[in-house]
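Notes follow the structure.
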There are 2 protein chains.
Amino acid sequence: MSAPSDPVIRPPDRPLRADAARNHAAILAAARAALEADGPDVALEEVARRAGVAPSTLYRRFAGRDELVAAVLEDYVAESVEPLLARAAAVDDPWTALTGVLEGLVDGVTRHRGLLTAAKAVGAFTPELAARTLAPLGELLRRGQAAGVVRADLEPTDLLVVVHMTVVTAEHDSRRWPRYLNLLLDGMAARRG
Amino acid sequence: MSAPSDPVIRPPDRPLRADAARNHAAILAAARAALEADGPDVALEEVARRAGVAPSTLYRRFAGRDELVAAVLEDYVAESVEPLLARAAAVDDPWTALTGVLEGLVDGVTRHRGLLTAAKAVGAFTPELAARTLAPLGELLRRGQAAGVVRADLEPTDLLVVVHMTVVTAEHDSRRWPRYLNLLLDGMAARRG
DNA sequence: CTCGAAGTGGGAGTGAACTGTCGGTTGAGT
DNA sequence: ACTCAACCGACAGTTCACTCCCACTTCGAG
């Protein structure tokens, strides 16, 4: 019942060996690509194939599908979403900041539908992860409402819902989502008195 | 290589025997229920179990998963969607007719997410099926535009997109979709002035 | 009511697709 | 040069789609 070389619980002090780190990164990249190309249910075998490693190696790095998807998601958020949110926070005009971040989110997510679907399926959206994006998003919303350009009854989660709504339109026509986002933005703008 | 008793290609002149027809209906009903309860990937074995028939009977009635899902979808459209469209066509006020049908569609589809997901996965949305709903929908849209209450640049497929957008909000909170539909309807109404 | 045909049950079985594990081997780091 | 982390390939085990078979039941035409 001991753990001879437990792949999951890894002492954070000892760094990965060079080749192991390479594989780790290759698997993450391969998983992201595979989720897009082959859908949210890709076989881990296929991910391993794309990464150029044996399936057993994948299982040594990640305990299973859940952990792999969670890692890919974490990777994506840290690399794409958070910088976007940070840039938006630096924009002066609240409306521009808000629409810009929504456009950026939709644009990114439409290119990672497979990942997001898989993440939902395995429950990779932890409260912590959600909070990390909702907090800055809520701040943008608050600024817009304070400036009187955004409807007062909107909540931070509404913004995620709006992103989700816009993203699904890409299934019908991948190039017309700005049209539908504008439809929603129309509804979100404060009513002119 | 001959076909001793080919289960799929059935002479359309000879009707099903009473018990066979019963099973056919039971399987369709069971499949619909199973798709909701167990998700779009339910095992056909499970469907057969729910229907109270042997797996072999299911395969005798339907060639495979694709055909079963297509039949369930066809059934659903004929039974729920088309009557709804027909009722809306009889409503006098164009705006009421349009919003009513959109609400009805969303309400129905949110209760059949599994079916719709499965249908998408197996490509059961044939152009013919789409046309059967798009034609009446387009007519409702045309009436609204003629009356000047709906934005002129909307197209029939936009209405399906709007339904889809609204339906996905149910994943976040199953009871708040009217809120988001209203957001969209705001954007769809003709600009006053 | 009778009888042939249509339909069914259920089990055994094939093959494919995956997940996850094991033991021997390689090569990175010291 | 030596050792152990990390690798690979093979494989056990599962699940599921779909097929085949045949004795049995049920239907419905005459």
query: salt bridge (Lys or Arg N to Asp or Glu O under 4.0 Å) with A:Glu128: which residues, sequence neighbours excluded?
result: none

field: Spacing of B:Arg49 atom CZ relative to C:dG10 atom P, expressed in whole Å
entry: 13 Å

Pairs touching residues 96-109 of chain A that satisfy salt bridge (charged side-chain N to carboxylate O under 4.0 Å, His left out), sequence neighbours left out: A:Asp107-A:Arg111

field: salt bridge (Lys or Arg N to Asp or Glu O under 4.0 Å) involving B:Asp93 - partner list, sequence neighbours excluded
entry: none

Heavy-atom donor-acceptor pair, A:Gln145 side chain to A:Ala152 backbone, under 3.5 Å: yes

Would you give me the side-chain donor-acceptor pairs under 3.5 Å for residues 41-53 of chain B, sequence neighbours excluded?
from    : atom 1 : to      : atom 2 : distance (Å)
B:Glu46 : OE1    : B:Arg49 : NE     : 3.1
B:Glu46 : OE1    : B:Arg49 : NH2    : 3.4
B:Glu46 : OE2    : B:Arg49 : NH2    : 3.0
B:Glu46 : OE2    : B:Arg50 : NE     : 3.2

message: If I take atom CG in residue B:Leu58 and atom P in nucleotide D:dC16, what distance separates them, rounded to the nearest angstrom?
response: 15 Å

query: Expressed in angstrom and rounded to an integer, what is the separation of B:Arg61 atom CZ from C:dA6 atom P?
result: 13 Å

field: D:dA6 OP1/OP2 closer than 4.0 Å to side-chain N/O of A:Thr57
entry: no

field: Under the side chain to side chain donor-acceptor pair (under 3.5 Å) test, residues paired with B:Asp92 that sit two or more places apart
entry: none

message: Output one letter per nucleotide in nucleotides 18-30 of chain C: B when a protein non-hydrogen atom lies under 4.0 Å from the base, S when only the sugar-phosphate is that close, - when neither is.
response: BBBBB----BSS-

query: Does anything in residues 24-38 of chain B reach DNA chain C, meaning a heavy atom under 4.0 Å, and if so which residues?
result: none

- request: Respond yes when some side-chain nitrogen or oxygen of B:Asn23 is under 4.0 Å from OP1 or OP2 of C:dT8, and no when none is.
  value: yes

- prompt: By side chain to side chain contact (heavy atoms under 4.5 Å, CB included), which residues pair with B:Ala88, not counting sequence neighbours?
  reply: B:Val101, B:Leu140

- prompt: Under the side chain to side chain contact (heavy atoms under 4.5 Å, CB included) test, which residues partner B:Thr99, sequence neighbours left out?
  reply: B:Trp95, B:Leu185

